Participant: 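Take a look at the following structure, please.
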Amino acid sequence: MYLRILKLLPAYKLHFFLAILCMFAFALSTGALAYIIGPVMKFLFTSGAAEDIGIVPFGLISIPKEKMIIAVPVIIILVAVVKGLSSFGQIYFMGHVGQGLVCDLRKKLYEHILNMPIGFFHANPSGVLMSRLTNDVNMLQTTASESFAAIIKQSLTLIVLGSVIVSLDWKLSLAAFVCVPLAVYPLRKFGKKMKKVSTKGQVTMGNITALLQEAITGVRIVKAFGMEKYETERFDTENKRFTKWQLKSIKVRASSSPLMETIGAVGFAITIWYAAFRIESGELKPESFISFFAAVLMFYQPLKALNGVNLSIQNGLAAAARIFDLLDMPSETSSTTTEKRPERKLETIKESIEFKGVSFRYEEKWILRGINLTVPRSTMVAIVGSSGAGKTTFVNLLPRFYDIDEGSLMIDGVDTRDFSLQTLREQIAIVSQQVILFNDTVRGNISYGDRDRNEQEVVDAAIAANAHDFISKLPDGYDTVIGESGIKLSGGERQRLSIARAILKNAPLLILDEATSSLDTESELEVQRGLENLMAGRTTFVIAHRLSTIRNADTIVVLSKGKISETGNHDELLRAKGEYHRLYTMQFRDKEPNNRSSEVTVADNTDINKVIN
Ligand SMILES: Nc1ncnc2c1ncn2[C@@H]1O[C@H](COP(=O)(O)OP(=O)(O)OP(=O)(O)O)[C@@H](O)[C@H]1O
Ligand SMILES: [Mg+2]
């Protein structure tokens with residue numbers, strides 16, 4: 001996990017290098033401080049009777065005793081300034097590295113999520129994904145910028161102080177370090193516990209975000225069904241669970257620190273006990289002991305800090321594990337999805353779209369079985385079938401929202417899996433059954449697929465979708481922001497915007513899934529006219545409930561029980577006296593035999609899918 005985080009590092013190598021440099025300076029200045037304390041004390045208490053002192057370990061720089069009275073305070077200030085500056089530098093530079101890494105990771109994760117196949121979103125609620133992007137990434141950020149830095153800094157400090165200690169008296173240092181191995185086991189134990197607790201906490205946080213997201217976006221239904229209390233309780237269950245995990249993590253943190261301190265104290269006690277013997281026997285000079293004493297005191301501080309860091313790192317690693325799990329899932333664009341196929345560019349549809357023995361299932365449930373259908377270019381296919389027959393699923397195979405399980409779906413004789421997803425989807429405009437709009441202006445929503453379209457093109461598309469009139473009446477016209485999912489518009493208005501968006505895209509393959517279902521007869525007729533203009537010269541798949549639309553189709557496909565039960569145009573299917581005929585006659589059964597025109601009007605507006613099957 002560390003290595004994977006470190007792999008992101010090269011972009012920040014300069015800052016990382018500067019941070020390490022500052023950490024070195026910090027560690028050295030800490031060591032120097034400990035080293036000079038002893039001689040300085042001796043100098044003070046023996047009124048200048050000290051010898052020349054070396055202020056850097058091993059006497060690299062030495063100061064004559066007459067200059068001590070000025071030099072010592074200056075040195076103390078200098079060392080403190082170096083320590084302060086290097087402390088600032090390492091926090092700042094490491095912060096830069098940490099924040100930068102996490103910023104890159106966040107973008108990578110977001111891009112990856114957007115590139116995941118649709119099926120991924122069925123399995124992962126949006127709230128959980130949001131939590132991954134915010135909470136988990138934040139947690140990793142703390143680790144990357146603070147804990148990482150602390151580890152390097154504290155380890156360096158430990159090494160420098162350790163060298164000071166050993167250089168002063170190696171026998172005594174053995175006594176001081178005898179307890180260090182004792183700390184290893186609890187350190188690991190606490191670390192493991194922390195990782196577990198943190199994982200559970202983050203999973204719960206994901207559930208909280210998911211609940212929050214669902215209840216807030218669905219607040220109308222929550223209110224309409226009086227479920228505020230129920231939702232609050234549902235939320236609170238997860239909320240309490242999260243608090244429980246947080247408390248557990250506090251417990252680990254709170255109990256690990258005193259334990260480490262006790263171990264430190266034991267080491268310290270042993271040192272003092274042993275030092276007393278050695279001073280008595282004259283092997284250890286008192287001023288060396290003072291330096292030693294200061295260094296050992298300082299030594300336990302980074303050790304304790306490392307314990308805290310260990311716990312934060314476990315937190316961060318748990319978060320990193322979840323983030324990398326997500327990043328490792330194959331996305332639509334990653335080569336691991338299927339064995340790498342040559343990516344061809346789809347320019348346009350020249351001849352036909354062909355389904356050859358296509359079968360598809362969601363998990364275990366087969367929705368489509370052995371579909372064979374050839375749709376010549378520039379023709380219109382209507383798909384009819386009862387609710388849940390698989391009509392939406394059928395058209396969703398065209399832009400490869402789902403990959404088929406058996407058979408192949410070809411455009412001009414080439415399997416759609418051989419085309420790059422981008423060029424394939426560029427050829428397709430969709431009006432989906434569930435209208436999806438963004439919290440943006442009307443113009444922004446219409447020109448969603450191509451933000452560079454000019455004003456006139458946007459207006460033309462709106463006129464064709466019979467949306468221009470209502471848009472002109474909005475407070476800011478095309479600049480009106482329509483709220484989340486277009487909440488400030490009526491259902492029909494939303495649908496007309498989504499039609500305008502598809503019209504503007506001007507793609508050769510058009511998919512209309514119940515595109516006009518929320519419109520009244522009058523606006524539907526007008527939109528229908530716009531759509532008919534649009535369909536001319538395009539290959540169109542229509543799922544519609546109005547007979548008028550279906551009757552104009554070149555081919556009508558009747559889906560039932562996952563199979564195509566009938567195909568043909570309106571007249572052929574009527575002559576065949578099959579299922580479509582049954583439906584048609586059902587609609588006319590009760591009508592006056594002589595009033596043909598009114599029959600047609602009624603029939604045109606009959607919901608065909610409610611009658612079929
Ligand atoms: N993500 C999914 N996971 C599992 N099953 C699904 C999923 N989406 C749809 N289904 C099932 O697949 C079947 C076909 O759904 P589909 O949306 O294609 O129906 P439809 O013909 O468009 O119906 P309608 O006319 O109501 O829109 C349904 O039985 C549905 O329960
Ligand atoms: Mg549908």
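Every number for a ligand or one of its atoms is a count from 1 in the order of the listing. Please read these numbers as outputs of a predicted model, since none were measured by experiment. Along the sequence shown, residues carry numbers from 1.
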Participant: Pick one: which of V381, V384, I543 meets side chain to side chain contact (heavy atoms under 4.5 Å, CB included) with V557?
Facilitator: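 Single side chain to side chain contact (heavy atoms under 4.5 Å, CB included) partner of V557 among V381, V384, I543: V381.
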Participant: Work out the angle at the Mg ion (ligand 2) between OE1 of Q433 and OG1 of T392, rounded to 10°.
Facilitator: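 Rounding to the nearest 10 degrees gives 90°.
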Participant: Decide whether the shortest distance between a heavy atom of G385 and an atom of ligand 1 is less than 4.0 Å.
Facilitator: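 G385: no contact with ligand 1 (<4.0 Å).
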Participant: Please answer whether the main-chain N or O of A467 pairs with a side-chain N or O of R496 as donor and acceptor at a distance below 3.5 Å.
Facilitator: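 Side chain of R496 to backbone of A467: no pair is present.
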Participant: Answer whether the closest heavy-atom distance between the side chains of L368 and F355 falls below 4.5 Å.
Facilitator: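 With C-beta onward as the side chain, the pair stays apart.
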Participant: Find all atoms of ligand 1 within a distance of less than 4.0 Å from any non-hydrogen atom belonging to A389, and give their numbers and elements.
Facilitator: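 Once the distances to A389 are compared, the set is 21 (O).
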Participant: On the 0 to 90° scale, with breaks at 30° and 60°, tag the H122-Y362 ring pair as parallel, tilted or perpendicular.
Facilitator: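 H122 and Y362: perpendicular rings.
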Participant: Who's closest to atom 25 (O) of ligand 1 heavy-atom-wise, of K391, K365, E363?
Facilitator: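 That would be K391.
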Participant: Would you kindly say whether E484 and T217 are connected by a side-chain donor-acceptor distance under 3.5 Å?
Facilitator: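 There is no such pair (donor and acceptor under 3.5 Å, judged by atom type) between the side chains of E484 and T217.
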Participant: Taking side chain to side chain contact (heavy atoms under 4.5 Å, CB included) as the criterion, tell me which of V527, V542, T521, V431 meets it with T516.
Facilitator: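 That would be V527.
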Participant: Could you pull out, from I367, I118, N396, the option with a heavy atom nearest to atom 13 (C) of ligand 1?
Facilitator: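 It is I367 that holds the nearest heavy atom.
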Participant: Closest by any non-hydrogen atom to atom 2 (C) of ligand 1: pick that one out of Y362, Y402, F360.
Facilitator: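 That would be Y362.
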Participant: Heavy-atom contacts with T393 under 4.0 Å: which atoms of ligand 1 show up? List them by number with element.
Facilitator: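 Matching atoms, with element in brackets: 14 (C), 15 (O), 16 (P), 18 (O).
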Participant: Side chain, backbone, both or neither: which applies to Q433 and ligand 1 if a contact is any heavy-atom pair less than 4.0 Å apart?
Facilitator: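 Near ligand 1, Q433 shows its side chain, while the N, CA, C and O stay back.
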Participant: Within the 4.0 Å heavy-atom shell around H122, which atoms of ligand 1 are there?
Facilitator: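 In order of numbering, the contacting atoms are 1 (N).
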Participant: Quick one: which of G388, A123, G562 has a heavy atom closest to atom 23 (O) of ligand 1?
Facilitator: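 The residue whose heavy atom sits nearest atom 23 (O) of ligand 1 is G388.
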Participant: Can you tell me if N506 and R538 form a side-chain donor-acceptor pair at under 3.5 Å?
Facilitator: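 Side-chain D/A pair, N506 to R538: present.
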